[in-house]
Amino acid sequence: MKDCAPAIASAIDRAFLWFQDIEHRCSRFDPASELMQLTRTTGTPVAVSEALFHAVHLAVTLAEQSGGAFDPTVGLAMAARGFNRHHRTDEAIDHATLLPCGQHADAAMTGAVSYRDVVCDDTSRTVCLQQPLVLDLGAVAKGLAVDLAAQELQAFRNFAIDAGGDLYLSGTNAEGQPWSVGIRHPTQDHELIDVLTVSDAAVCTSGNYERAEGGHILDPRTGQMASTLASSTVVAPTAMLADAAATAAFVLGLEPGLRFCQQVGVEALMITRDLVRHETPDLRKQ
Amino acid sequence: MDGTYLGWGTSRHGDIQASVTIEEGRITAATIAKCLTRYSCSWVAHLPPQVVARQSPDVDYVSGATQSANAFYWAVVDALSKAK
């Protein structure tokens with residue numbers, strides 16, 4: 001590996017670039033992002049990049065499978081709750097000014113839109129927004145960036161990516177063992193509540209640790225912030241799936257969340273507000 | 001490369017500039033250099049120790065929710081990208 005230092009360095013550079021690329025592509029806070037350009041067209045299929053198509057398609061698929069507990073069409077609902085700061089100018093971004101004028105904008109504002117209004121066409125790689133709406137890809141975009149970064153590092157069999165707690169672990173650690181992943185304790189800042197061992201898998205956690213703010217994970221079905229769990233951690237083959245599934249499971253709550261994870265084919269560790277751990281049967285089998 | 005790097009991160013709450021110090025290849029300090037978030041930075045001020053603390057001796061990595069700390073996370077990523 002020492003002889004490969006330049007190759008490693010350039011692969012790591014490319015891996016990092018994916019995080020910037022995906023954020024610029026998928027951000028709803030940047031009017032120039034590919035996502036916000038998509039938002040300007042209603043009723044017509046729009047050809048989008050592979051990365052954006054992949055993110056939207058997965059988000060819609062999980063929305064269907066979770067019965068709408070996870071739904072990427074919450075962009076306007078989130079903005080209405082104050083999650084609307086422009087990322088560079090510090091101005092409030094007004095999504096409504098970017099939507100096609102009109103008659104159905106009210107539907108988007110009142111939350112009468114859903115994932116059913118987003119149609120992805122596999123063959124043409126287009127996305128059609130059937131009503132004015134704003135997609136929030138926060139729950140899938142970071143995972144996608146991790147997956148793309150992981151692809152850059154594939155030639156190096158053993159590696160780990162840590163994107164602020166969203167992880168992809170490939171192969172084994174320096175001791176030749178599966179990677180050990182601590183799960184942050186929901187209330188004790190510097191402590192771990194559990195440890196998982198994983199290899200060739202992503203680990204992502206959704207949670208609401210800060211009670212004062214009321215959290216930032218919206219339950220699209222009720223319009224309220226999801227609050228029955230302290231956190232949900234998902235182990236999955238890809239980070240995008242783990243990221244989105246962790247969010248869906250968090251919104252669904254304990255029993256529906258565990259069922260959802262088994263149905264989708266991922267493993268999960270759910271922590272209820274009383275700090276009791278609940279998990280899918282095969283979580284510890286590697 | 002060791003040194004101190006600055007990076008900007010964005011979130012739904014606004015911009016944060018993080019300063020990340022690397023010594024002998026490990027992060028030894030991560031602090032907020034500038035805070036342009038909509039809410040005061042006091043809610044995020046406790047986060048920087050996590051960046052350092054995450055390098056726990058007991059496990060290889062730690063998974064946790066990033067929530068509204070996203071700006072800080074992106075700022076750290078941005079800073080680290082300059083550390084290469």
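Note that these values count all heavy atoms, side chains included, but never hydrogens, waters or copies made by symmetry. Note on naming: letters A, B, ... go to the chains in the order of the sequence lines (proteins, then strands), and numbering restarts at 1 for each one.
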**Complete:** Turns out that what part of A:Ser206 lies under 4.5 Å from chain B's heavy atoms comes down to backbone
**Item:** Donor-acceptor contact below 3.5 Å, side chain B:Ser63 vs main chain A:Gly165
**Value:** yes
**Prompt:** Contact part of A:Leu17 toward chain B, heavy-atom cut-off under 4.5 Å: side chain, backbone, both or neither?
**Reply:** neither
**Message:** Which residues pass the side chain to side chain contact (heavy atoms under 4.5 Å, CB included) test with A:Asn173, not counting sequence neighbours?
**Reply:** A:Glu175, A:Gln177, A:Trp179, B:Asp60
**Message:** Restricting to side chain to side chain contact (heavy atoms under 4.5 Å, CB included), what partner residues turn up for A:Glu34, sequence neighbours left out?
**Reply:** A:Arg25, A:Val48, A:Ser49, A:Leu52
**Request:** Answer with side chain, backbone, both or neither: which region of A:Val181 has an atom nearer than 4.5 Å to a non-hydrogen atom of chain B?
**Result:** both
**Prompt:** Heavy-atom distance under 4.5 Å to chain B: side chain of A:Ile183, backbone, both or neither?
**Reply:** both
**Item:** Between A:Ser231, A:Ser180, A:Cys204, the one whose heavy-atom pairs under 4.5 Å with chain B are most numerous
**Value:** A:Ser180
**Request:** Starting at CG of A:Asp162, measure out to OH of B:Tyr61 and round the result to the nearest 0.5 Å.
**Result:** 6.5 Å
